[in-house]
Every structure is written in structure tokens, then in C-alpha cells.
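I have placed the structure first, in the form of C-alpha cells, so that the comments after it can refer back to it.
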Amino acid sequence: ATMLMFSTLALVAGLTLASAKHRLANSKPNVLILFVDDFGIGDVGAYNSAYDDTPNIDSKLAARGLRFTDFHAMSLCAPSRASLMTGRLGLRNGVITNFSPLSLYGLPRNETTLANLLQPTYHTAMTGKWHLGIQPGYHPMDRGFNSFLGLATSHDYGCTNTNFTTRPAIGCPHYQHDRCIDYGSPHADPASCHIGPNNPWNESLPLFGNRSIIAQPVDLWTLTEKYADFGIDFIRSATASGDKPWFLYQAFNHMHVPVTSASEFFNTSTSNSTVEHGRTYGDALRELDFHIGRVLDELETLGVRNNTLIFFTGDNGGPSNECQYGGSNYIYNGTWLRLHGGGGGTGKTTTWEGGHREAGLISWPSKIPEGAVTDALGSTLDVFPTVAALAGVDMPSDRYYDGIDLAEVLFDGSSQGHTTLFHPNNGEGPNGAIETLRVGDYKAKYRIRNTGGCPNWPAGQVGKGGEYRRTQPLIFNLRSDPSEAHPLEESSSEYAQVLASIQTAWAAFNETVADDKRSTANYAIDSQCNAERCIKPCCNVAEPLCTCN
């Protein structure tokens, strides 16, 4: 326990791994981040053989890189993206919950993004879901990206004209009318279905090309293909220039609901599950996998695959309440809560393992052993310091970082990643607060929420309602109990020893937060939109849903 506490304090207070110089520092590889939305670790065949909807991801990333078995994100969209871009938790960067289409602000402007760091020496571009503000000063092109094709938020924040062939029956009986062109229809579903014209933001979903709206509403049938095309064109152009390396951030809207795929992918999945990763979900995942394969094949065609560092992961786990329209969190299902703790969701928006444990694949064929597996504790927080060191750029020195440089894990086979990891609330308890933390193999969880289970689960597991904070945390040994079924006995000496280490780590972390240069996000919104003044993204104020061709 003494060594455990010492290493915890060293990492939290000094970030020793983040500042270490590795032999590959300043090697300046191309960098590709493939970031999937609402994605379960069990959706990838390399992690879970029950599904086979990721042949390209399995063969071209997992088999050609390092597969992390203990890799983590945040448990909600915007906080996860902010942490990826800054290497800092929401208590530091200010992003503790989601921004809306009406948000006036975004990721605080005094936060430095990975794109900001790389822009002077790299070509930079982004496709996909940003979710960190779209107004001037917060737009991706104001945060380090030279070009952008994507959405301001998730694609459930407004209606589209996509004709859905299937849709969760729960609360959405009129899914075929949930299109912008059915505005005013008495058959359209209420706001809880998000995709319908009766949505809380009273708008259609805009697609941005750089700073301009190029389609409103967006066509979800072709969106993933557009993202891949844009990425391929950017890689070709940046490679042809030959003057500097490139950084491409592809933050796909798949696999967030509403899940869709082009017609050629209908019924290509073999899944028949009714509680996770169902047929419609699997079809959409096959579409995503196909287009990721196209991007990876282009790297081979251009001869730059061996000089490209690729990160593949997701922003949070699959949402329990979406049942077959959500992802598979594999064995990370919070068994104690479902069977003994009153039931409830254990995926997205929770700090059970299913909410934040992600597929983590990192590939660089000429430098990282192919087909290797590591149980080192890693996080999306680590992308920022790892890439900064390899690119030879200095991170701002006036703030703390929660990420570490993974160079020794990636290139030297070290199994030493994080010794501590802090999981912020993003749906349980106060947003951004730390009430779940990891020290070594042990995880302490103070907050219990009994809502959000899949309605198709046995009745006792769906959730009895309510939430509470425990005086003494549940503590799980994740190495022997990854499904979080059997908490340690509170009366045991093991519990007492682990709790002491957890309290020491927590106190050390809180000291760094108190001493840090922290930001505070402004979540103010403005819904006014008329011919004289319109703040929200709207390409035609004369139309009730801002639609235009």
C-alpha cells in the first residue's frame, strides 16, 4: 500500500510520465483519431466474438496495433470530447455536461486544444461531431482546425428528412413522421424522440462545411460516407503538399441514436439481440466499419500507413436504455446494481465500467508491435500528451494535466499506465464531480443511481428510481471482478487498506484541482431567431425549422 500511495501522489502531483522524453519524441508522425459516438467495447470483434460487424477495425487496426483491455473515456459526449482535446478533466477545463444547439459559448477559450498545439507545424482538419461550441470563438476552425465538415452536436438535437425504416418503439410510435417535412403533423412524435419536428430546439439539423451551413437538414443516409470522403481528400491533399505532417480528427456520429445506415447495409448484420447491439445497430456499425476501412486503405495507397499514428476509441459506453439500438458493453454490466442494488442503467452517463471503459486501439505499424495486447491503464486523456511529445510541441506549462504520455507502453512494452484514474459524474450526482475513482486494480464508487435500465431487461433490473450517495463506497477489484458483481466486504482488512489508498489519492487530486488554472464553461443559451436577430445555426429564418436547400 505504501508504494501504491507513493506512485499515486507522484503521478497526480507531478505528471512525471507526461514530461518524460522518449527516443521517438519529436518524430512528427501523421496523426489520425477515429472517435466513435456512444460505442460499447463489446461492439468490436477483437474484444467480443459474439458480434462480427467490425471486420476492418479488427484486421486493419486491432491486428496491426496495440489493443488496450483497460482503456477509458468519460461517460458523456461533450465532457469526453473536451478531455480528449485538452488532456484535462472537466473540473479543470470547465466542460462538465453537454452544450445545446442554442449554446452561446463552448469549451472555454483559455483552454488549449490538441489542434491548437499542432496547427503551426501540421495540416489540421476535422470531420464529425464537435459538441464544444459552434459560435465564433468556439467553432472548430477557431480551435486549431484549418477545415471542418460536421455537426455542432449529436444528430438527435434536431429533425432531419431521413426516412427511418426502423426506430425504437419506446415512446416513438410515429417514427415515420419524425422528419422535418412533417412539421405540424399531428402524427409526429413528441420532443422525447429528438428526431421529430416537435423537438425542443425548434430546428432542423444543420451540416457545416467550414463556417457555413451547407445543408439543413442533414441527410443521415449519406453522412458517414461524406465524412470518409472528406477525410480521404484531406489526407491526399496534405500528403501531396509534402511540406509538413497532418492531423485528422474524425469524430463520427455513428453509433449514437437514431441509428441509420445506407440501404446497401440493411440486414448485413447477423445480430438478433433485443437488449444491446441489435440488427439495426449492427447494420449501422457495418457501414461505419466499411468507411473506416476506406480511410485506412487510402493510407496504404498513398504509402503513409507506416508513418501514421492512429487512435481508435469511443466517447462513452453504450446507453443501457436504448436496448438493441445501443451498443454492447460486453461483460462490463454493473452486475451488483442490476441484481442486488435496485437496478438501473450501467452504461452511458454512469461511472460503472460500462459507462466509460472503451475499445482502445493504437496503431503505428513501423513503431508499435502488431497484434499486441496490454492491460496498462489508459485513457482518452492520454492522447493529448502522447501526441504533443511525438510532435515535438510543448504543452502549456501553467496548468495540470490528467493524461500521461503513453510512449513507454506503446513502444517499449511497458505495462505501467495510470496508477490512478478519476471518473467524473455525467448523469449521476453533481455534473463533473468525482465520486468514482480508480487506484491500481481497485475502483471505489460512492454514487448509486437506480434509473435508466433497458426496458427489455427483467423487471427488477430496469431500476426502481432515485439515486443516493453512499457514506462508504462500494469497492471492486476489477482484475478479478470486471463486471462489478462482488464488492469487497466493508469489514475486511483489504477494504480498509484499499480505502486508505483511495482517500490519499483523492486528497492529492483535490489539491491539484485547487491549485490549478481552471476554466468555467458558460452554458447560456439564446433561442431567439427572426429576420432581425438569429443566434442559433439557421440558414433560412423564414422557415419554421430553418430548412433550406
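The model shown is predicted, which means the values in this text are computed figures rather than measured ones. What you see below is based on every heavy atom in this structure, not just the backbone, and it leaves out hydrogens, waters and symmetry mates.
Considering all non-hydrogen atoms of both residues, Glu484 and Glu353 come closest at OE1-N, 2.9 Å. Here the closest non-hydrogen pair linking Leu499 and Pro473 is CD1-CG, 3.8 Å. Scanning both residues, Ala115 and Thr124, for their nearest heavy atoms gives O-CG2, 4.4 Å. In terms of heavy-atom proximity, Phe252 sits nearest to Leu288 at CG-CD1, 3.5 Å. Summarising the geometry of Ala78 relative to Leu132, their closest heavy-atom pair is O-CD2, 3.6 Å, with the distance given to 0.1 Å. Scanning both residues, Cys159 and Asn199, for their nearest heavy atoms gives N-ND2, 3.6 Å.
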- When you look at Arg92 and Glu111, which way does the salt bridge (Lys or Arg N to Asp or Glu O under 4.0 Å) test go after all the steps? CA-CA 9 Å; Arg92 304 185 196 279; Glu111 291 293 320; over 6 Å; no
- Step by step, work out the side chain to side chain donor-acceptor pair (under 3.5 Å) result for Asp382 and His418. CA-CA 10 Å; Asp382 306 333; His418 289 262; 2.7 Å; yes
- Begin from the C-alpha positions of Arg399 and Asp516 and carry the test salt bridge (Lys or Arg N to Asp or Glu O under 4.0 Å) through to its verdict. CA-CA 6 Å; Arg399 64 201 65 181; Asp516 201 2; over 6 Å; no
- Run the side chain to side chain contact (heavy atoms under 4.5 Å, CB included) check on Thr69 and Thr374 step by step: do they pass? CA-CA 6 Å; Thr69 63; Thr374 180; over 6 Å; no
- Item | Worked verdict on Thr86 versus Asn93 for side chain to side chain donor-acceptor pair (under 3.5 Å) | CA-CA 7 Å; Thr86 65; Asn93 66 40; 3.3 Å; yes
- Evaluate the side chain to side chain contact (heavy atoms under 4.5 Å, CB included) criterion for residues Asn450 and Leu337: first the C-alpha distance (whole Å), next the side-chain angles of each, then the deciding distance (0.1 Å), finally the verdict. CA-CA 8 Å; Asn450 295 119; Leu337 181 72; 3.5 Å; yes
- Pair Tyr400-Asp515, side chain to side chain donor-acceptor pair (under 3.5 Å): steps then yes or no: CA-CA 9 Å; Tyr400 286 91; Asp515 190 45; 3.2 Å; yes
- Query: Can you list the steps and then say if Ser414 with Glu408 is a side chain to side chain donor-acceptor pair (under 3.5 Å)?
  - Reply: CA-CA 6 Å; Ser414 171; Glu408 293 184 6; 4.5 Å; no
- Task: Given salt bridge (Lys or Arg N to Asp or Glu O under 4.0 Å), test Lys517 with Asp398 step by step and report yes or no.
- Result: CA-CA 7 Å; Lys517 178 181 179 180; Asp398 60 348; 2.8 Å; yes
- Take Ile41 and Glu358 through the side chain to side chain contact (heavy atoms under 4.5 Å, CB included) test and state the conclusion after the steps. CA-CA 5 Å; Ile41 186 174; Glu358 280 291 338; 5.5 Å; no
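In terms of modelled atom types and a separation under 3.5 Å, the side chain of Trp130 and the main chain of Tyr138 share a donor-acceptor contact. Looking at Ser320, its side chain never comes within 3.5 Å of a backbone N or O of Gly453 through a donor-acceptor pair. Panel note: side chain Gln135, backbone Gly106; no donor-acceptor pair is recorded below 3.5 Å. For the pair Ser83 (side chain) and Arg88 (backbone), a donor-acceptor distance under 3.5 Å is present. Between the side chain of Thr313 and the backbone N or O of Ala359 there is at least one donor-acceptor pair closer than 3.5 Å. No side-chain donor-acceptor contact under 3.5 Å links His254 to the backbone of Asp38. The closest donor-acceptor contact from the side chain of Ser27 to the backbone of Pro29 lies at 3.5 Å or more, if one exists at all.
Each of Asn425, Asn98, Ile96 was evaluated against Asn431; a single residue qualifies, Ile96, per the side-chain contact (heavy atoms from CB on, under 4.5 Å) test. With respect to Glu428, the salt bridge (charged side-chain N to carboxylate O under 4.0 Å, His left out) criterion is satisfied by exactly one of Lys445, Arg447, Arg470: Lys445.
Among residue pairs with one or both ends in residues 190-209, none qualify as salt bridge (Lys or Arg N to Asp or Glu O under 4.0 Å); sequence neighbours excluded. Evaluation of the salt bridge (Lys or Arg N to Asp or Glu O under 4.0 Å) test over residues 133-158, restricted to residues two or more places apart or in two chains, returns Asp142-Arg211. Note on residues 518-530: pairs passing salt bridge (Lys or Arg N to Asp or Glu O under 4.0 Å), not counting sequence neighbours, are Asp526-Arg533.
The SG atoms of Cys529 and Cys546 lie 2.5 Å or more from each other.
Checked by atom type, the side-chain pair Thr349/Asn426 shows no donor-acceptor distance below 3.5 Å.
For His22 and Phe411, the distance between ring centers is under 6.0 angstrom. Taking the six-membered ring where the residue is Trp, the centroids of Trp201 and Tyr157 are separated by under 6.0 Å. In this structure, Tyr523 has its ring center no closer than 6.0 Å to that of Tyr105. Taking the six-membered ring for Trp and the full ring otherwise, Phe384 and Tyr401 have centroids separated by under 6.0 Å. For Phe509 and Phe422, the ring centers are positioned less than 6.0 Å apart. Taking the ring centroids of Phe234 and Phe148, they lie at or beyond the 6.0 Å cut-off. In this structure, Trp364 has its ring center at least 6.0 angstrom away from the ring center of Phe311.
For the pair Leu66 and Leu410, the minimum side-chain heavy-atom distance is below 4.5 Å. A heavy-atom distance below 4.5 Å is found between the side chains of Arg438 and Asp70. Residues Ile134 and Thr153 fail the side-chain proximity criterion, which asks for heavy atoms closer than 4.5 Å. For the pair Asn253 and Leu151, the minimum side-chain heavy-atom distance is below 4.5 Å. No side-chain heavy atom of Leu205 sits under 4.5 Å from any side-chain heavy atom of Gln216. For the pair Cys77 and Lys129, the minimum side-chain heavy-atom distance is below 4.5 Å. Between Phe208 and Ile213 there is a side-chain heavy-atom pair separated by less than 4.5 Å. For the pair Val541/Cys534, a side-chain contact is recorded, criterion being any heavy-atom separation below 4.5 Å from C-beta on.
Rounding to the nearest 0.5 Å places CZ of Phe68 at 10.0 Å from CG of Asp375. The distance from atom OG of Ser328 to atom CZ of Phe39, rounded to the nearest 0.5 Å, is 10.0 Å. Atom CD1 of Ile195 sits about 14.0 Å away from atom OG of Ser204, to the nearest 0.5 Å. Atom CD1 in Ile235 sits 8.5 Å away from atom CG in Asn30 (nearest 0.5 Å). Separating the CE atom in Met255 from the CD atom in Glu322 is a distance of 11.5 Å, to the nearest 0.5 Å.
Ring geometry, Phe247 versus Tyr249: the interplanar angle falls under 30°, so the pair is classed parallel (tilted spans 30 to 60°).
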